[in-house]
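To start, the structure itself, in structure tokens.
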Amino acid sequence: RQTWISIVESLKQKFNEMAVRDSQVEKFVAEIKEKEEKEKPVDKDILDNAKKYGLISAVEYEKLNNIRKMRNIYAHPYQISPSPEEVIAAIKIAVESVLSKPPLLRHGYVREVIDSLAKNFHYIDDDEEKIKEFAKSIAWKIHPETYPYIFRISCEHLESLIKDPSLSRFVRRLLIFIDKLFEEINLDHIDERWKFIEVCKKFPNGCALLISTTRIWKLVPEQIQDMVIGYLLEPVSEDKILPPTTFGLKIVFSLYNKGLLTDSQQKKFFNIINKREVSYYTLIQAEIPLKFYINKILENLKSYTWSLQNPAGVALSNIDAHQFFDLTTQKQEELGRNVLQACEGNAFKVIDFLNKVSEKCSQYPKDFIKGIFFETLINENGQFRLKIEHFGTAIKCVLNCEEETCLDILKDVEEKLKISSPKKGYDIFLKNKLVKAIEILESLSRSINKEPINQILLRIKTTLKIHLQKCNELEKDNNVF
């Protein structure tokens, strides 16, 4: 009898503790108190609800119910009593099934915690370590059956929170809390109770965010991962697919950096960021490296269309110069050439970028600067031709580099210039450009005090004068101009 009383009282105490945080349990506790005041039996109700609320398992329920029945038998004057073995067995069951277990909190408590994290400014300090400590402190109290519910209501909250940037603190709170909670409970598998497809369809953005930024990502099937990537890279609003947000790109790029994307997911990511609809501003804000969308930049610079060239120029101005070093030397030179080419077409934002480079050229890689200068004199096929409009700025880019870099570029240009021939032959247009180029070189030579550089400039100028002489000879002999 004493064993059964201990079991019932222990369960009642657990319900009392749970009632503080769970309104459903609170209602049940009130019903028990009312029955006790009316001297009605409550043992079976307590045992049944202990199973209902997950305090005991189905097997434990059967064992405890058997003790209850035994207690009823031995409580009557049948002149029999339990054997010592039965008493010991009952005590063991009581300890293992009830007395040694903490009360596990269920849906009501979970809902209150998640709601508070998502709505109450002062529910918890926003310090990351304090949020993690809070998650750790309650992880062991929460019933495993509530895990899918935690996921669902968190997605529900996130779906609305991420629409308002001013509520980002709540988004951060929830993500830190959920990730730490699932770490503490050692979540290592997920089943159909989580209903991912259903939740993703109902709360696509919240679901995508929660799955992709927590340990849940590694546990979900690839189909769910693909859905998440789809919602992040191609968000849907009113049945229309929109360009990705900065937020979405950051998440997918983070997954990429962690090596958590499949080959097909990576391919989708790279295809999306190189689409025309995705702005450079979004890419830069998402901290996507230049090397991942350099082909898009090059394509826009080559377009001969200001509406495409100018945004590329703004982007290049806003990208940290160190990212240019991550490009291959071939891409660096190609980029330099196309920057100069776009400037020749009067793309004013690209011109602004070129002027910036000329002032801070030491921050950029040598092959990029070389590409800018080469484009003014020699094309990709090694043929000589002059682009004069920004010749002065282009050579200024070279001259403002470190001396060693400057000499390397000038020597390279000198060698290629010696063996080149005019792309379109000698004519009046080339002659006029040569005159201007020589004037610019003479002016620069007077302001440079470094003899090695002046010597190379002199030799380049001499080569240009040879071309000019051929223009003059052709004009004199054939009167073709």
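If you read the sequence from its start, that first residue is 1, and numbering goes on from there.
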- request: Tell me, yes or no, whether the heavy-atom count around Glu451 atom CD, taken from other residues, nucleotides or ligands under 6.0 Å, exceeds 12.
  value: yes
query: Is the distance between the ring centroids of Phe373 and Phe368 under 6.0 Å?
result: no
- prompt: Does His390 offer a backbone N or O that forms a donor-acceptor pair with the side chain of Glu344 under 3.5 Å?
  reply: yes
field: salt_bridge(Lys331, Glu334) N-O dist < 4.0 Å
entry: yes
- request: Let me see the working for Tyr364 and Phe325 under ring pair (Phe, Tyr, Trp, His ring centres under 6.0 Å), right down to the final yes or no.
  value: CA-CA 7 Å; Tyr364 293 88; Phe325 288 89; 8.0 Å; no
message: Quick check: do Val110 and Val113 have side-chain heavy atoms less than 4.5 Å from each other?
response: no
query: Looking only at side chains, do Asn300 and Tyr280 share a donor and an acceptor under 3.5 Å apart?
result: yes
message: Looking at every non-hydrogen atom in both residues, tell me the closest pair between Phe269 and Leu249 and how far apart they are.
response: CE1-CD2, 4.1 Å
- prompt: Between Leu175 and Thr214, which heavy-atom pair has the shortest distance, and what is it?
  reply: O-CG2, 4.1 Å
message: Under a plain distance cut-off of 3.5 Å, with no hydrogens placed, do Gln265 and Asp226 share a side-chain donor-acceptor pair?
response: yes
query: Looking only at heavy atoms, what is the nearest atom pair of Cys401 and Cys406, with distance?
result: CB-N, 4.2 Å
message: Does Lys370 qualify as a cation-pi partner of Phe374, given the criterion of NZ or CZ under 6.0 Å from the six-membered ring centre and within 45 degrees of its axis?
response: yes
task: Could you list the residues that satisfy side-chain contact (heavy atoms from CB on, under 4.5 Å) with Ile197, not counting sequence neighbours?
output: Lys201, Gln223, Ile224, Met227
query: Going by atom types only, do Thr305 and Ser307 share a side-chain donor-acceptor pair under 3.5 Å?
result: no
message: Looking at every heavy atom in both Phe324 and Pro365, which two are closest together, and how far apart are they?
response: CB-CD, 3.5 Å
